[in-house]
Amino acid sequence: QQATALLSADAKAAQALALYQAMDYAGAVVKAKAAYLQVLAAAAAINVKVEPQAWQADTKAKGKSPKFVDTVDYLHRLAP
């Protein structure tokens with residue numbers, strides 16, 4: 001049951017990439033969000049916790065390879 005949901009989410013993600021490549025950014029966002037929500041629902045159905053994005057987790061996950069170096073300054077404030 002969840003495998004079917006994940007296959008459907010994968011198809012939506014592929015559609016999102018195709019729309020993005022065709023410069024249909026609004027359509028890509030709709031498909032990507034639908035895919036993401038479907039993955040979250042499938043994860044919840046099998047009791048897999050998906051943690052929210054956190055810069056602390058990214059920092060702790062750094063490896064020795066330069067491929068995984070994150071250049072985003074999460075501590076930078078855009079507004080006071």
Side-chain angles (χ1 to χ4, degrees):
Q1 184 178 5
Q2 300 315 314
T4 303
L6 291 175
L7 287 172
S8 175
D10 188 56
K12 287 177 184 165
Q15 291 171 348
L17 288 173
L19 289 169
Y20 184 81
Q21 188 172 13
M23 291 193 265
D24 180 359
Y25 302 121
V29 166
V30 170
K31 290 289 184 182
K33 184 175 181 181
Y36 177 70
L37 292 176
Q38 203 163 7
V39 167
L40 288 181
I46 59 171
N47 296 320
V48 172
K49 184 178 178 186
V50 178
E51 70 178 60
Q53 197 280 334
W55 67 267
Q56 296 92 341
D58 292 341
T59 300
K60 291 177 183 176
K62 299 280 189 252
K64 294 181 181 181
S65 173
K67 293 180 191 176
F68 302 109
V69 174
D70 193 354
T71 59
V72 177
D73 181 9
Y74 291 103
L75 299 177
H76 178 72
R77 291 184 147 206
L78 298 177

Go through the structure and list residues passing side chain to side chain contact (heavy atoms under 4.5 Å, CB included) with D10, not counting sequence neighbours.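 Partners of D10 by the side chain to side chain contact (heavy atoms under 4.5 Å, CB included) criterion come out as none, since no residue qualifies.
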
Output the rest of the hydrophobic cluster of [X]: all Ile, Leu, Val, Met, Phe, Trp and Tyr residues reachable through side-chain heavy-atom contacts under 4.5 Å, sorted by chain and number.
X   : result
L7  : none
M23 : Y20, Y25
V48 : I46

Please table the atom pairs, donor to acceptor, closer than 3.5 Å between any side-chain atom in residues 29-44 and protein atoms at least two apart or in another chain.
{"unit_1": "K31", "atom_1": "NZ", "unit_2": "Q15", "atom_2": "OE1", "d": "3.1"}
{"unit_1": "Q38", "atom_1": "OE1", "unit_2": "S8", "atom_2": "OG", "d": "3.4"}
{"unit_1": "Q38", "atom_1": "OE1", "unit_2": "K12", "atom_2": "NZ", "d": "3.0"}
{"unit_1": "Q38", "atom_1": "NE2", "unit_2": "S8", "atom_2": "OG", "d": "3.3"}

